[in-house]
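Every chain is numbered from 1 and lettered A, B, ... according to where its sequence line falls, protein lines coming before strand lines.
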Amino acid sequence: MLWFRKGLDQPVRTLTPKTSSTLHGLSPGRPAPTPSRDAAPEDVCPTHALKEHDGVMDVDYTQCIQCRLCRQQSLKNKMNWEEGFHWAQMTSTSLPDAFHHSVHVRVVDAGDCGACLNELHQLASPVYSLHRLGIAFTPAPREADVLVVTGPVTVSMKETLEEAFQSMPTPKRVMAVGTCALSGGIFSSSFAVAGPVDRVIPVDIAIPGCPPPPLALLDGFRLIMGARPENPLDGRVRK
Amino acid sequence: MTEKTLEHILEQHEEMAVTVEPNWIRIAAPASRLPELASQLAPEWAFAGIVPENDPKTQSLRLLYVFYARNGPWVGIEVRNHDQSIPTISNILFAADWQEREMEDLFDVQFEGHPQLGDFVLHDSHWPEGTAPMKRHSWEIRQKTTESRNLSTPRIVEASGSFVMPIGPIFSGTQEAIQFGLETVGEEIVFAHIRPFYKYRAVEKLLEGQTPSVALLIAERIDGLTAFSHSLAMAQAFETLAGAPVPPRVRLLRVFWAEIERIRSHMQVLAGILESTGLSVPANLIQALEEDLLQLSGALTGHRYLFGLVRPGGLSRDWSDTEIENIVDRLGTILEPSQRILDALTFDNSFLDRLEAVGTLSLESASTHCLVGPVARASGINRDLRVWQPYQAYDQITFDVPVQAEGDGYARFRQLCQEIVQSYRIVQQIPPLLPAALSQTEDFGITQAGTALGYAESPAGAVICCVSANSRGMVERCRVITPGLVNWHAFPQSVRHFAFQDFPIILATFGLSVADLDR
Ligand code: SF4
Ligand code: SF4
């Protein structure tokens, strides 16, 4: 009872679209496609996310780990940087109707470094308060609508991930969170990594970022719930 | 004191070759003498771990047993492998148990007398015995694909009605993947097993052949929540290899951010403890303050978890004096309410009941596991690399290292609260010490092959990193000994004879990262 009252004494923390208009510290941003003559060279990128074509240095967000090496001081030309967090992408073409009721989420850690998981965990804090959107984490596979997978899918987690997917009822969605889950990220060449999530189970929503900040994760959930018009597939996220 | 003991030990082993390097003493010992040396060092030296390295003369594998002490040099016992077995020291220093198992799995080194080898890092259901992926310089590693998984854990307890309760590797919330087997005859946990390495990403193998710049990016992704400390430890090894002194301003700013990381990481563990005891209101309040710290880091470094901040020889950016002072002020406003919340908890009896005399780890147990970090200090071990082996600018700063005696859940809780206060004290001392910013940073390059050690006291404890680089500055071999690897080993001890419902609380008070253990 005591803590309940103390809780009421605290100022309201939840972000509203108005308070989140300044992105200071809420999102790290990411490199933006840049005209080749002003862009950093392809080979500064440790994960081969930079690819030049038609005079533009494009960024493959499934590979970018936001290390900012393409912005480092010693470079003559740097990549442009974009603010924002609307990073979630639909990757399945035949997505059934959006979930409009409350959504139960099961999280599988398939080799996460801890940061992607912590950003998911932050969603439950009063700042983002996931619950107000009708989203809850669930322990029971039979109740889960959405499977969230983080990490590069290690060899030892592959079967567990397959089983977790199989044990969920349909309709279900799979949300791959973080660059590791989309491409293996910096771990893609490790012998102990079985490959990105979509090599193991079908992925419906991809959220790039290392880690994607909570606002980007919310963006993904809103996409699942039909609250945001889906982005056109722009070829940056693997199908 | 330690120097004397070391001299005394060396006198008894005159026949062994001793190499003295700055802050390093290496003793080349025949394998048969290892247990004797280890037991002589054990009372005063902490066992850091086993570092595999190439013998520069023969290019064959040898093991370096690393020990460290307060204000003494680091001691390494070099043991040649010669494809024979090495006597186990896990009976003398229990801390060596997991590291020997790891060496056996990854390098196929046999340890004579070790009770349980095999099926550790590489789960037998996926990898054939003897795969030894780290031994050869090759990516062609055979993988079994057909055999089905065996989730059963070995059983120790042989009482009637006893059973093993498996938990994991998937949990209900956002916990990391690991598996526990709790043996029980009813309400009480009689024995606990851990099956880690579900998340094994082979970081140490991946580091081979990388440039320092990329190696740091990998290091910070070993454990994302203590990323800065991991990359700092590794950067120091590279900087020693390059022989380039780090500018004083950078050294101070590294301490600055390392302490902010400690505060944020401790907050996260505290929120976890509160959540496990069902106190969701204060848990949420602390979690919101953790978010404030993440936003502060994000706004000023470009990354909420400080990834990409440590660069070889420096930091990826600098800040103006006003910015630094603003950060200190902001920290003050974030910490003030947290202090009020945490103080109020010490009067909350139902909270104290859940933590007091729960999950107790005795000083003796903590010593034989050679524990590190807040978990060790909560069990009465005053071990902290910032004081034992000051690095960066810690020798210019005044701070205390709190220690608790009880070793229970409440001691670990208090330990974290007190460390936050000290970290804030450190951060406050930094602005007036900062020399003016350098106009440009020097180019960083390693031109000489060699092996160097780098270390840092991460929020969870000592991160010790041993890097061998070639003359082009590429990593040849790298060993990263993390607090997760050391501290998880003792966790099963602490849950024995406690009730099932205490398990998640005890787990939360340890605040351990699985990614840090699995690597
Ligand atoms: S931020 Fe890093 S990973 Fe992303 S494109 Fe730039 S260099 Fe590549
Ligand atoms: S994407 Fe980045 S933050 Fe997420 S698990 Fe991978 S390394 Fe960690």
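- When heavy atoms are compared at a cutoff of 4.5 Å, A:Ile65 approaches chain B by way of both its backbone and its side chain.
- Contacts between residues 511-519 of chain B and chain A, counted as heavy-atom pairs separated by less than 4.5 Å, involve B:Ala515.
- For chain A, the nearby part of B:Arg304 is the side chain; its heavy atoms alone come within less than 4.5 Å.
- Defined by atom type and a distance below 3.5 Å, a donor-acceptor pair is missing between the side-chain atoms of B:Glu291 and B:Gln287.
- Proximity to chain A is absent for every atom of B:Glu204, based on heavy atoms less than 4.5 angstrom apart.
- The residue among A:Gln122, A:Lys158, A:Met157 with the most heavy atom pairs within less than 4.5 Å of chain B is A:Gln122.
- A:Gln72 does not touch chain B: none of its heavy atoms, backbone or side chain, sits under 4.5 Å away.
- Between A:Pro213 and A:Pro28 the shortest heavy-atom distance is CG-CD, 3.8 Å.
- The cationic atom of B:Arg221 (NZ for Lys, CZ for Arg) does not lie both less than 6.0 Å from the six-membered ring centre of A:Phe187 and within 45° of the ring axis.
- Between B:His303 and B:Phe307, the ring planes lie parallel to each other; the angle is under 30°, not in the 30° to 60° tilted range.
- Chosen from A:Leu120, A:Val105, A:Asn118, the residue pairing most often with chain B at heavy-atom distances under 4.5 Å is A:Asn118.
- In this structure, chain B has heavy atoms under 4.5 Å from both the backbone and the side chain of A:Cys210.
- Here B:Arg264 does not pair with B:Glu290 in a salt bridge; the nearest charged N to carboxylate O distance is not below 4.0 Å.
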